[in-house]
Amino acid sequence: MHEPQGWTFEVSSPIPPEAINDLRAVAWPEVGGQDWTAVLAKSLGWVAAYDRDRLVGFVNVAWDGGSHAFLLDTVVHPSLRRRGIGVRLVELAADLARRAGAEWLHVDFEPQLRPFYERCGFRATDAGLLNLAAE
């Protein structure tokens, strides 16, 4: 699907796992790679943004198999932020979840990302988090 800005957005199209790890490494150097083949096999779907053939944005949509879907790993290449790519990724992810029958879309985020997610239509709620790796 082509967008006016010239970026292309694809929903749940095949994506090379190394492309996701490469994008995340540029955006979050402290985060290591992971096996995206295994992750995406369990996902409801995902949305990818491309500048020609280069992956410049990504969001994964996980779910509980019922009414709850979850945004994970929303990322846009640092050189292309604040141009609407992230908002469009989230819009398409929400549409994907809605079409699958989800009633709620959840996202966890760090405080500095609150304005972004509010622009995407999310409202703040109380939530809990347990770091299982620290146990």
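Residue numbers start at 1 and run along the sequence shown.
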Over all heavy atoms of both residues, which pair between [X] and [Y] is shortest? Give the atoms and the distance, please.
X     : Y     : result
Ala49 : Phe9  : CB-CE2, 3.6 Å
Arg83 : Ser79 : NH2-O, 3.4 Å
Leu23 : Gly57 : CD2-N, 3.7 Å
Leu44 : Ala97 : CD2-CA, 3.8 Å
Leu71 : Val61 : CD2-CG2, 4.2 Å
Gly33 : Asn21 : CA-OD1, 3.2 Å

What distance separates [X] [atom1] from [Y] [atom2], expressed to the nearest 0.5 Å?
X      : Y      : atom1 : atom2 : answer
Asn60  : Ser12  : CG    : OG    : 9.0 Å
Leu55  : Tyr50  : CG    : OH    : 5.5 Å
Leu113 : Arg119 : CG    : CZ    : 10.0 Å
Trp63  : Leu72  : CH2   : CG    : 14.5 Å
Arg54  : Trp7   : CZ    : CH2   : 10.5 Å
Thr125 : Asp108 : OG1   : CG    : 8.0 Å

Could you tell me if the side chain of [Y] sits less than 4.5 Å from the side chain of [X], heavy atoms only?
X     : Y     : value
Leu40 : Ser43 : yes
Val26 : Pro78 : yes
Ile15 : Trp36 : no

Could you check whether the rings of His68 and Trp104 sit parallel, tilted or perpendicular, using 30° and 60° as the cut-offs?
parallel
What orientation do Tyr117 and Phe122 show, parallel under 30°, tilted 30 to 60°, or perpendicular over 60°?
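Geometry flag for Phe122 against Tyr117: perpendicular rings.
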Should [X] and [Y] be counted in the same cluster of Ile, Leu, Val, Met, Phe, Trp and Tyr side chains packed under 4.5 Å apart?
X      : Y      : value
Phe109 : Leu89  : yes
Val11  : Phe70  : no
Phe58  : Val107 : no
Phe116 : Val47  : yes
Val75  : Val56  : no

Using only atom types and a distance under 3.5 Å, with no angle test, would you say the side chain of Trp46 pairs donor to acceptor with the backbone of Ser13?
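Yes: the side chain of Trp46 pairs with the backbone of Ser13.
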Is it the case that more than 12 heavy atoms not belonging to Asp53 sit under 6.0 Å from its CG atom?
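Counting other residues, nucleotides and ligands, CG of Asp53 stays at 12 neighbours or fewer.
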Glu30, CD: over 12 other non-hydrogen atoms inside 6.0 angstrom:
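It does: Glu30 CD has more than 12 such atoms within range.
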